[in-house]
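Worksheet: the structure to be examined is printed underneath.
Scope of the values below: all heavy atoms of this structure, side chains included, with no hydrogens, waters or symmetry mates. Every chain is numbered from 1, with letters handed out A, B, ... down the list of sequences. All values reported here derive from a predicted model rather than from experimental measurement.
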Number of protein chains: 2
Amino acid sequence: MEIRIKYNHPIEVTLDVVCGKWKGVILCLLMDQTLRFGELKKEIPAITQKMLTQQLRELEEDQLVNRVAYNEIPPRVEYSLTAYGEDLKPALEMLKEWGNNHINVVAESKLEQKLGDLQEADD
Amino acid sequence: MEIRIKYNHPIEVTLDVVCGKWKGVILCLLMDQTLRFGELKKEIPAITQKMLTQQLRELEEDQLVNRVAYNEIPPRVEYSLTAYGEDLKPALEMLKEWGNNHINVVAESKLEQKLGDLQEADD
DNA sequence: TATTATAGTTACTAAAAAGATACTATTGGG
DNA sequence: CCCAATAGTATCTTTTTAGTAACTATAATA
């Protein structure tokens with residue numbers, strides 16, 4: 001991830017922290033439950049192990065999620081939101097709701113882009 | 001931007017549309033005013049012309065912003081939120097507020113990352 | 001006739017993010 | 001002695017994103 005230190009607009013701070021490819025999804029899943037690494041992976045089938053670890057590490061670094069490793073074998077590691085993460089809940093809920101309401105509009109637009117790209121590739 | 005068509009979690013829809021490097025900022029600026037291309041550029045000093053055009057085009061494509069070009073010379077083009085864009089306002093406000101509250105925590109974390117990266121570069 | 005203002009576009013390059021794949025550690029159980 | 005289960009790492013390649021710099025159009029103005 002590109003690292004931006006100086007922020008001119010407060011929303012950049014938040015987006016910086018939420019805009020990893022899977023971070024929003026991870027945060028949403030952790031909003032109402034603690035999950036183990038493997039459980040998160042099951043909930044996000046398309047994610048690779050590497051990406052899941054990486055996104056979780058960054059969220060941890062930004063103090064949005066807690067990581068608790070139990071000293072067992074096979075290992076057990078549980079992820080949950082920190083207080084900072086909890087503060088994001090209302091915003092996450094709204095983003096989720098907007099997505100629900102606009103999925104059709106957005107999906108169509110993306111589809112058109114995709115078709116356009118394929119066309120270009122032909123030329 | 002990578003184009004994702006199938007969404008498994010509704011928040012992905014929203015983040016897909018908001019997570020361009022400057023999209024959140026642009027949307028925030030347009031939340032309470034119509035702005036010309038050049039005005040946007042002035043408000044976001046670090047953005048290049050290319051990026052501003054590109055981000056605006058994508059926002060337009062996703063139907064979050066309106067683009068109105070007046071037939072004058074020199075040209076005048078005005079950008080504003082569409083109804084869909086307006087629907088995002090409450091969420092944007094919350095993201096902004098969270099950023100305001102957590103800027104210190106996040107900035108420190110980013111700073112540490114940066115220092116870590118510099119260290120690595122030395123090895 | 002040259003210059004300015006505005007809103008772009010184009011081509012090329014560099015940097016960052018993501019993907020694929022193989023590998024690690026540990027211990028209980030068969 | 002080998003395998004399964006869990007939560008990762010490590011390395012390399014590809015894709016995506018962003019940055020740089022030069023170029024365009026047009027009419028009004030000096």
Worksheet item: Is a side-chain donor or acceptor of B/His9 paired with a backbone partner of A/Gly24 at a separation under 3.5 angstrom?
Response: no
Worksheet item: Does OP1 or OP2 of D/dG8 have a side-chain N or O of A/Arg57 closer than 4.0 Å?
Response: yes
Worksheet, complete the sentence: Side-chain contact check for B/Glu2: nearest option of D/dG19, C/dG19, D/dG8 is C/dG19
Fill in: Short side-chain N/O contact from A/Lys21 to OP1 or OP2 of D/dT16, under 4.0 Å
no
Worksheet item: On DNA chain C, nearest-nucleotide positions of B/Thr53 versus A/Ile47: which is more 5'?
Response: B/Thr53
Worksheet item: Could you state the CD1-P distance from B/Ile3 to C/dA18, rounded to the nearest angstrom?
Response: 16 Å
Worksheet item: Between B/Trp22 and A/Val77, which is nearer to the 5' end of DNA chain D once each is assigned its nearest nucleotide?
Response: A/Val77
Worksheet item: Using a cut-off of 4.0 Å on non-hydrogen atoms, how would the nucleic acid contact of B/Tyr70 be classed: base, sugar-phosphate, or nothing?
Response: nothing
Worksheet, complete the sentence: Separation of D/dC12 atom P from A/Met51 atom CE, nearest Å, is 20 Å
Item to complete: Please figure out whether A/Gly20 or A/Pro75 has its closest DNA chain C nucleotide nearer the 5' end.
Response: A/Gly20
Fill in: Phosphate-side-chain proximity, A/Arg36 and D/dT6, N/O vs OP1/OP2 below 4.0 Å
no
Item to complete: Specify the separation, in whole Å, of atom CG of B/Asn71 and atom P of C/dT6.
Response: 17 Å
Discussion item. What is the separation between atom CD on B/Glu78 and atom C1' on C/dG8, rounded to the nearest whole Å?
Written reply: 16 Å
Practice prompt. Salt-bridge test for B/Glu78 and B/Arg67: reply yes if a basic N is under 4.0 Å from a carboxylate O, no otherwise.
Written response: no
Discussion item. Expressed as a whole number of angstroms, how long is the span from B/Glu72:CD to C/dT6:P?
Written reply: 12 Å
Practice prompt. To the nearest Å, give me how far apart OH (A/Tyr79) and C1' (D/dT6) are.
Written response: 11 Å
Discussion item. Are the side chains of A/Leu30 and A/Val65 in contact, using a 4.5 Å heavy-atom criterion?
Written reply: yes
Worksheet item: Which one, C/dA18, D/dA18, C/dG8, comes nearest to the side chain of B/Arg67?
Response: C/dG8
Item to complete: Can you check whether any acceptor in the base of D/dA7 is under 3.5 Å from a donor in the side chain of A/Gln49, or vice versa?
Response: yes
Worksheet item: Donor-acceptor pair under 3.5 Å: do we get one between A/Lys50's side chain and the base of D/dG8?
Response: no
Worksheet, complete the sentence: From CG of B/Leu56 across to C1' of C/dG8 the rounded distance in Å is 11 Å
Worksheet item: Would a 4.5 Å heavy-atom cut-off, applied to side chains only, mark B/Val106 and A/Tyr84 as touching?
Response: no
Worksheet item: For A/Leu40 and D/dG8, what is the distance between atoms CG and P respectively, to the nearest whole Å?
Response: 10 Å
Worksheet item: Under 3.5 Å, is there a donor-acceptor pair between the A/Ser109 and B/Asp62 side chains?
Response: yes
